[in-house]
2 protein chains.
Amino acid sequence: MTDPDAPTPSQLNAYFALIEVSSLLRHAVEKQLKNAGDLSYVQFQLLARLNDLPQGRTRMTDLADGVVYSRSGLTYQAQLLEQRGLITRSPSPDDERGTLVSLTDAGRAVLDLVFPGHLALLHELFLDPLRADDIRRLGDILGRVREHMRALPPRSAAPRRKSAD
Amino acid sequence: MTDPDAPTPSQLNAYFALIEVSSLLRHAVEKQLKNAGDLSYVQFQLLARLNDLPQGRTRMTDLADGVVYSRSGLTYQAQLLEQRGLITRSPSPDDERGTLVSLTDAGRAVLDLVFPGHLALLHELFLDPLRADDIRRLGDILGRVREHMRALPPRSAAPRRKSAD
DNA sequence: TATTGTTATACTCTATAACTATA
DNA sequence: TATAGTTATAGAGTATAACAATA
């Protein structure tokens with residue numbers, strides 16, 4: 001009755017809407033990426049992230065940051081991408097333990113191949129029904145949540161310590 | 001240069017924030033549900049949906065609605081839940097082809113077991129950093145996106161027609 | 001002929017732990 | 001001793017197509 005955690009209708013509404021929207025969006029995007037360039041969403045994220053880096057390369061660990069899952073999962077995806085010639089991996093000169101990941105021209109080509117459809121879908125599903133100020137506000141609010149989550153002790157994407165929880 | 005689909009920084013910001021927030025939230029929630037009640041997120045959604053129905057039961061197809069994936073996927077999850085005694089399946093009297101799914105007492109018990117932690121996490125990760133009016137606004141905006149998506153010809157959760165795309 | 005649901009199957013992804021090597 | 005990354009392995013989830021039964 002006085003459960004402090006009992007969510008208000010407004011809170012539930014926001015939660016459910018977030019879950020359903022992100023889940024539908026992700027599902028549709030995954031399909032598009034698969035069809036257009038035979039990429040999984042994670043692979044696309046990795047390539048896109050590399051593409052956004054000025055130098056076009058990083059260490060594995062930095063690449064994984066925020067893509068949320070285990071080291072072995074990253075290695076697995078990197079292997080697939082390397083086999084397809086979309087990235088290269090080479091030992092880091094600075095730290096001999098590290099691996100530098102680079103986007104290849106072929107990798108950039110796949111991104112180019114996939115991007116138009118990706119953007120079209122993004123508009124069709126997500127952006128079109130919203131006004132510019134809605135979008136700003138949405139980004140603002142979710143941006144704050146993101147900062148909050150990033151600042152929390154990592155429950156999920158724990159670096160390597162003893163998995164709390 | 002004049003690509004009509006080129007997203008503005010504000011649009012990109014909203015998109016990336018949505019993806020990261022939902023993905024971190026989902027990851028954390030999945031972990032909690034697994035630990036607290038050995039439920040996958042989908043299983044939780046199915047049980048919760050059944051729990052919200054006044055009669056406590058529906059047909060498979062209606063249960064799948066919005067949980068976004070294939071019929072066989074639903075059958076798979078329903079099998080797991082039935083094996084654990086959390087739901088029952090029985091032939092529908094109205095339509096002999098249909099299957100009625102019901103939540104059992106054990107199913108309700110698992111939900112009760114899992115709910116407190118679920119809500120706590122929801123607050124900790126998602127709701128706490130937001131003001132009440134942010135949450136209202138967020139639910140409003142995402143609610144509109146949701147309606148928009150639902151109204152679109154189903155690319156992903158296509159009922160059964162010839163899979164477009 | 002269309003629809004409901006199941007089955008068989010193959011594949012992708014993820015996580016855990018053990019391991020190598022460098023710092 | 002801690003960190004970067006890989007490997008081995010095992011399990012969970014998903015999709016496709018073929019199928020049976022009913023409408």
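Order of the sequence lines fixes the chain letters, A, B, ..., with proteins taken first and strands second; residue numbering starts at 1 for each chain.
- If you measure from atom CG of L33(A) to atom P of dT12(C), you get 16 Å, rounded to the nearest angstrom.
- Classification of the F115(B)-H118(B) ring pair by plane angle, with boundaries at 30° and 60°, yields perpendicular.
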Which protein N or O atoms sit under 3.5 Å from an N or O of nucleotides 21-23 of chain D?
{"residue": "dA23(D)", "atom": "OP1", "partner": "E96(B)", "partner atom": "N", "Å": "2.9"}

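- R137(B) and D133(B) are not joined by a salt bridge, as no carboxylate oxygen comes within less than 4.0 angstrom of a charged side-chain nitrogen.
- In this structure D140(B) satisfies the side chain to side chain contact (heavy atoms under 4.5 Å, CB included) test together with R144(B), sequence neighbours excluded.
- Listed by chain and residue number, L103(B), R108(B), L111(B) satisfy the side chain to side chain contact (heavy atoms under 4.5 Å, CB included) test with N51(B) (two or more places apart in sequence, or in another chain).
- For the contact set between residues 72-92 of chain B and DNA chain C, defined by any heavy atom under 4.0 Å, the members are S72(B), T75(B), Q79(B), R89(B).
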* Asked: Where do R150(B) and E147(B) land on the side chain to side chain contact (heavy atoms under 4.5 Å, CB included) test, with the steps shown first?
  -> CA-CA 5 Å; R150(B) 283 180 176 168; E147(B) 291 318 309; 3.5 Å; yes

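- With rounding to whole Å, R71(B) atom CZ is found 13 Å from dT16(D) atom P.
- A salt bridge links R26(A) with E30(A); the closest basic N to acidic carboxylate O contact falls under 4.0 Å.
- Near DNA chain D, meaning a heavy atom under 4.0 Å away, the residues from residues 36-60 of chain A are R59(A), M60(A).
- The stretch residues 84-103 of chain A participates, sequence neighbours left out, in these side chain to side chain donor-acceptor pair (under 3.5 Å) pairs: E82(A)-R89(A), D95(A)-R97(A).
- The number of heavy atoms from other shown groups lying within 6.0 Å of CZ (R49(B)) is above 12.
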